[in-house]
Chemist: 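Before I ask anything, here is the structure I am working with.
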Amino acid sequence: HSVGIIGAPFCKGQPRAGVQLGPDVIRKAGLVNKLENQGCMVKDYGNLVFEKVSNDEPISGTKQPRAVGLANKQVADAVQRIKHDGYTCVMLGGDHSLAIGSIHGHAACRPELSVVWVDAHADINTPLSSPTGNIHGQPMSYLIPEDVVYIGLRDVDPGEHYILKYLGIKIFSMTDVDRLGIAKVMEQTCDHIFSKIKKPVHLSYDIDALDPLVTPATGTPVIGGLSYREGIYITEHVCQTGLLSALDVVEVNPNLAKSEEEVNRTANVAVDLVLGCFGRMREGSHPDDYKIP
Ligand SMILES: N/C(=N\O)NCCC[NH3+]
Ligand SMILES: [Mn+2]
Ligand SMILES: [Mn+2]
Ligand SMILES: [Mn+2]
């Protein structure tokens, strides 16, 4: 696996400071070394620098529109560059509004991509349906959600639910995870996105898809989330398709942890999710040329 990492220290898609610290908190938990130790070739492109935007007044209730727009232009350019350089792209957030740029930039290179959106939330409010105007609750409405599957939903606004049903978007809520079990959810997810042809997968992973007991340091925690094992299984299954083309890991906010331990717990899980996407197996593994000493 060749992995290109881009940090997007951005928080203007939502009101809680701290999520811009996500990229470096995840790196500090050993992401690059752990990927290299499991045999990955890693290029860390560093962090994007987001210029301040003054007078960024709301537009029809949508908050920080110019800052979010500019940031996502930068993210899109970076992701496109990383894809052109031949890597599987890992975008470290920052809030989930960054998926607008990440998916847009990925689609510039791989227009046939499909999206797997792992999240407690649907993030598909339009500017007018959004109850808050925070763009991290809207990214999917800016993207043509033709080939997207949701996993982990348990906090969906009425407007979002209407849109999901109206567009016939494939969803696996936490009820579906309970009913089917995660293995069947992943089987059916892959049947859905690969029903016609094999497509590159864009996995957009909001850390709040996992239960707050597993990943407490996040802005909009919702109880009854994915277990650590379910969260990891999703990554293992996507990895074994061999079609993962880009990954977002977003909404890690160290400022919302109650202790250093909660920061570390959340960051370590975020790292483990990335490792699962790039070949880590819980059964263990050994190099092809391994010899018993
Ligand atoms: N984490 C969030 N989205 O994934 N928060 C915004 C959505 C709340 N309806
Ligand atoms: Mn989200
Ligand atoms: Mn191109
Ligand atoms: Mn969420």
Side-chain angles (χ1 to χ4, degrees), residues 8 10-23 26 58 61-65 68 71-72 75 90-104 115-143 145 148-165 169 171-174 177 202-227 230-231 234 246-257 266 269-270 273:
F10 186 73
C11 64
K12 301 277 187 224
Q14 54 84 60
R16 301 166 200 85
V19 71
Q20 74 282 0
L21 303 170
I26 293 170
T62 301
K63 295 166 185 163
Q64 310 280 0
V68 173
N72 277 295
V75 169
V90 176
M91 188 276 287
L92 303 176
D95 71 64
H96 220 163
S97 66
L98 294 164
I100 296 169
S102 178
I103 294 172
H104 186 74
V115 176
V116 177
W117 195 278
V118 184
D119 200 328
H121 312 97
D123 296 352
I124 200 165
N125 272 300
T126 67
L128 297 179
S129 75
S130 169
T132 63
N134 299 327
I135 299 184
H136 78 148
Q138 304 175 31
M140 277 305 289
S141 77
Y142 296 105
L143 302 156
V148 63
V149 177
Y150 282 95
I151 301 172
L153 297 185
R154 55 189 187 277
D155 180 8
V156 177
D157 300 330
E160 293 181 300
H161 188 259
Y162 174 84
I163 291 166
L164 291 171
K165 292 299 162 196
I169 292 174
I171 64 174
F172 293 99
S173 69
M174 287 309 299
V177 172
H202 186 114
L203 177 60
S204 202
Y205 218 124
D206 186 325
I207 207 76
D208 70 30
L210 293 157
D211 192 275
L213 294 174
V214 179
T215 51
T218 192
T220 37
V222 184
I223 62 169
L226 295 168
S227 66
E230 290 165 334
I234 291 170
L247 168 68
D248 307 323
V249 181
V250 296
E251 299 282 0
V252 170
N253 185 335
N255 290 9
L256 300 175
T266 306
V269 171
L273 292 172

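Residues: numbered from 1 along the sequence shown. All ligand and atom numbering here is 1-based and tracks the order in the structure. Values in this document were obtained by computation on a predicted structure and should not be read as measured data.
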Chemist: Indicate whether any N or O donor in one side chain lies under 3.5 Å from an N or O acceptor in the other, for His96 and Gln14.
Modeler: no
Chemist: Listing by chain and number, which protein N, O or S atoms are under 2.8 Å from the Mn ion (ligand 2)?
Modeler: His96 ND1, Asp119 OD2, Asp123 OD2, Asp206 OD2
Chemist: At less than 4.0 angstrom from any non-hydrogen atom of Asp119, what atoms of ligand 1 do you find?
Modeler: 4 (O)
Chemist: Can you pull out the closest protein heavy atom to atom 9 (N) of ligand 1? Residue, atom name and distance to 0.1 Å, please.
Modeler: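 For atom 9 (N) of ligand 1, the nearest protein heavy atom comes out as Asp157 OD2, 3.6 Å.
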Chemist: Do we see a donor-acceptor contact under 3.5 Å between the side chains of Ser204 and Asp248?
Modeler: yes
Chemist: Nearest protein heavy atom to atom 3 (N) of ligand 1, by residue and atom, and its distance?
Modeler: Asp123 OD1, 2.7 Å
Chemist: Is there a nitrogen or oxygen of Glu160 sitting under 3.5 Å from a nitrogen or oxygen of ligand 1?
Modeler: no
Chemist: I'd like to check Val250 versus Met91 (side-chain heavy atoms, cut-off strictly below 4.5 Å). Are they in contact?
Modeler: yes
Chemist: Considering only non-hydrogen protein atoms, determine which one is nearest to atom 8 (C) of ligand 1 and report residue, atom name and distance to 0.1 Å.
Modeler: His121 CD2, 3.7 Å
Chemist: Of all the non-hydrogen atoms in the protein, which one sits nearest to atom 6 (C) of ligand 1, and at what distance?
Modeler: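 Ranked first by proximity to atom 6 (C) of ligand 1 is His136 NE2, 3.3 Å.
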Chemist: Any donor-acceptor pair under 3.5 Å linking the side-chain atoms of Asp208 with those of His121?
Modeler: yes
Chemist: Test of understanding: given a 4.0 Å heavy-atom threshold, classify the contact between Asp208 and ligand 1 as side chain, backbone, both, or neither.
Modeler: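 Just the side chain.
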Chemist: With a 4.0 Å heavy-atom cut-off (strictly under), which part of Val156 contacts ligand 1: side chain, backbone, both or neither?
Modeler: neither
Chemist: Could you say whether the N/O atoms of Asp206 and ligand 1 ever approach to under 3.5 Å?
Modeler: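 N/O-N/O distance under 3.5 Å: yes.
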